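Remarks on the structure that follows.
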Amino acid sequence: MSQKSRPPPNFQSIKSLPGDLRLMGSPTSDQFGKFGDAKLGHSDMTSSSIPENSDSGDVVVDNGVGSMDQVNEDSPYGTNVVSVEERPSSGDEDSDSVAPPVPSVSASRSEHRWGDTNSYAAKKKLQSWFQLPSGRWELAKTLSISGTESVIALPDEKVLKVQTESLVPANPDILDGVDDLMQLSYLNEPSVLYNLQYRYNQNMIYTKAGPVLVAINPFKKVPLYGNEYIEAYKRKKNDNPHVYAITDTAIREMIRDEVNQSIIISGESGAGKTETAKIAMQYLAALGGGSGIEYEILKTNPILEAFGNAKTLRNDNSSRFGKLIEIYFSETGKISGARIQTFLLEKSRVVQCTDGERSYHIFYQLCAGAPLTLREKLNLKSASEYKYLSQSNCYSITGVNDAEQFQIVMEALDVVHISKEDQQSVFAMLTAVLWLGNISFNVIDNENHVEVLADESLFTVADLIGCDVEELKLALSTRKMKVGNDNIIQKLNISQATDTRDALAKSIYACLFEWLAEQINKSLAVGKRRTGRSISILDIYGFESFDRNSFEQFCINYANERLQQHFNRHLFKLEQEEYIQDGIDWTKVEFEDNQDCLGLFEKKPLGLLSLLDEESTFPNGTDLTFANKLKQHLKSNSCFRGERDKAFAVRHYAGEVSYDTSGFLEKNRDLLHMDSIQLLSSCSCHLPQKFASNMLAQSEKPVVGPLYKSGGADSQKLSVATKFKSQLFQLMQRLESTTPHFIRCIKPNNLQSPGLYEQELVLQQLRCCGVLEVVRISRSGFPTRMSHQKFSRRYGFLLSENVASQDPLSVSVAILHQFDILPEMFQVGYTKLFFRTGQIGVLEDTRNRTLHGVLRVQSCFRGHQARRYLKELRSGIDTLQSFVRGEKARREYEVLIQKHRAAVIIQRKIKTRLAEKTMKRVYGASIVIQSGILIIAPETV
């Protein structure tokens, strides 16, 4: 954040708390100043002296023995306050809290009690915020009030006599740490700042500011996430401010209103936007999961972070590109697909990094985590051996293991269905970019012409991209030009050759990033059934202001101006315009509009972007001529200020930023010469061929912009600024068609240190995003609105009388009266009803309970019908079964009788047969016996 804008007041003191509360995680005295134990009122107060050269206008008062005329009966601190004339000076003190002597304001008791015109609340307020001359806020205790002046005690036990109007009311202790700033009785900067810090110190990093969620980066892991929390917010068991709550609201409104939603995450670089976007995606995946596509969506994060994020001086994981993730839902509320759109990758970081920063994470992850077989195949070295990576003297990030991150990236590439062959090609392109930086040149003549040094770097690059070594040497050291009908070859000097080499490296990486995004979208689109319902999550680079700001910061801050305008439009402009158009009684809330700054960028033909494109078309245009042209045409603009040489400054919504135009034209042209494109198209590897075909396709589009400044380029395309502006307008159009939900990420310190809360930095960010104005509008406004028709249709069935024949407005009014909605809680507009915060929730709860009761009655009736039908069915089944069983028994009995008769007959036949056999045997035996007897004794016969 730029420090050149108006200095915000520093706020380093805090309310004194009871001892038991101070032990329970309240802000420490080291952060805000000691005064929890200050005993105000008697002889233990130390005296203060008054320097003669102080000009603060305040009076230092000692707590010594004084006149009874100064007693304020409304003060609980006794009678020992004296005017400055009655006490001796004891030396110089801190000028922040000491003021020169002024006439005493002591008065009689009756004059004080009956002549004081201050409000009752001001007289009774015991704590107030007081701003010292240094800009620092202190929480003071009011000892007495007399006329227009008050006697206050500061945390350091100094007593001052100040103008009452200079005191800013402080909230009672019971409001310490409220989760919604709308609940504060006194809404002012020091109170908001204190409340945020109070919560931050207790790991409550989320706070509501009306419809906006304020998220302060803790720079550490906090126990606020996971399945338990997701389930709690899903079931409405937890209503504390959270990214989950914002995302849950978006899902419910998408289903209820059938309108696409957007979650817009903004803030400075390092404020935690990327992590916040990931948290929102996790909640969406948990609620809308089931098809498996949600796992793929989550796995896009490590890929895009590896290829699009880098370490900067202010952020270890800074997004160097913007992304919009559209997540589509089916009719059943399940995730059915997604699409990712990327914006303006910072290509210059591939070839140039300032000291202490890193290039893109993937280079270091590849060098640290590639397996041995891959390293040998790619001839991959350590990061310190590549010039593109070694120039910044920074190879690692504290607490981050690049080798482990590389394994995570490889797993993610598998999940999004990028084949192993394509992965090998991706790693080959990355290694080729690194080796390109190691290619060096030899000067061969007095004109500084060069030839490529044939070393390991040259042969490795040629092998990795699959091109001929000689063709690569010619592409880097010469340029083919067409003059009339003749083709000539121009040798390049050392500067031109280096630029050509770097341009090739940047183009390969940028094309690789676009190709990856395209492959991811193909994977996420599998099985997608468009229903018109989607939730978009915008995670775009935050506002940036460094010691030296170049073309990248210029584009990034322009994008943030556009997003701020979108924020203003929805939370300030449209909100208040709708009140006025619908005839609502409304007092307009003023806010900081950034339309003038946007006009400075976008105005034609004398805007920053138009002048940049115009200068880029001139072959002889330079960064200096561009800067001079800006100063000539824009010096009267209140948001523009010319500076020395090539510099100029812009007054952004977040502060003034100074830009150095060095490299502006070259980066805006962003041309890759046709020789390099032809080199890529001749490669045997399919990725360079794909990159070349895409660049050739772009060069065939209508040309708004620039020729190469040397006059030799025959590949033309849209300038970077024009292309980015077009992308930004398309993004804004897409966001305008959605219902926005805003998350403002705040960076508490520039050191990325957990627990450190820099009041000036936080207050400046709060001012930039208009938090106080948002809360004021939300508190005095009507955030919920609904047309008469929709309101009567949605809640009309709740009326006790039939009003079907009445118009929607009459039905709506009848509903409001029946449910005793207080008149101050709503207003009836020409076309809509407007409600204060929380009022529609009462009706919605009643509606849900009624519908739940209706469903219960219907379910009971349907259950009764089902039971009756079941009973009748069972009776019929029993009758049918008895008949079937009887018929079956009769048939079985008949068969049994037949079998019995057959058995009797068979038995009779068998018995007869056996009897006949027995008789024959007996008869035969009898004959034999008789014949034997006759033979033996015939005489006796």
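Bear in mind the structure is a predicted one, so any value in this text is a computation, not a measurement.
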Nearest heavy atoms of A559 and I540, plus distance in Å: CB-CD1, 4.4 Å
Plane angle bin for F551 and F664 - parallel if under 30°, tilted between 30 and 60°, otherwise perpendicular: perpendicular
Does one side chain, of [X] or [Y], offer a donor that lies under 3.5 Å from an acceptor on the other?
X	Y	answer
S662	D623	no
T312	R320	no
T274	E305	no

Donor-acceptor pair, side chain of N549 and main chain of F546, under 3.5 angstrom: yes
Separation between CG of L413 and CG of L516, rounded to the nearest 0.5 Å: 7.0 Å
Separation between CD1 of I439 and CG of D455, rounded to the nearest 0.5 Å: 7.5 Å
Please tell me whether [X] and [Y] form a close aromatic pair, meaning their ring centres lie under 6.0 Å apart.
X	Y	value
Y283	Y229	no
Y509	F363	yes
Y360	F307	no
Y386	W435	yes

Test item: V720 and K667 side chains (from C-beta on) under 4.5 Å apart, heavy atoms: no
Validation row: C367, L434 side chains within 4.5 angstrom (heavy atoms): yes
Within 6.0 angstrom of K377 NZ, more than 12 heavy atoms from elsewhere: no
Ion pair check, R548 and D660, cut-off under 4.0 Å: yes
Residue pair S523, E296: steps toward the side-chain hydrogen bond (donor to acceptor under 3.5 Å, both in side chains) verdict: CA-CA 8 Å; S523 173; E296 294 184 35; 2.6 Å; yes
Set of residues satisfying side-chain contact (heavy atoms from CB on, under 4.5 Å) with respect to T342, sequence neighbours excluded: F321, I340, F513, A517
Test applied, salt bridge (Lys or Arg N to Asp or Glu O under 4.0 Å); reference residue, E268; option that passes from R314, R744, K273, K747: K747
Cation-pi geometry met for R358 and Y364 (6.0 Å, 45°): yes
Check against side-chain hydrogen bond (donor to acceptor under 3.5 Å, both in side chains), S495 and N493: CA-CA 6 Å; S495 176; N493 59 36; 4.7 Å; no
Worked verdict on L453 versus F441 for side chain to side chain contact (heavy atoms under 4.5 Å, CB included): CA-CA 5 Å; L453 181 65; F441 305 94; over 6 Å; no
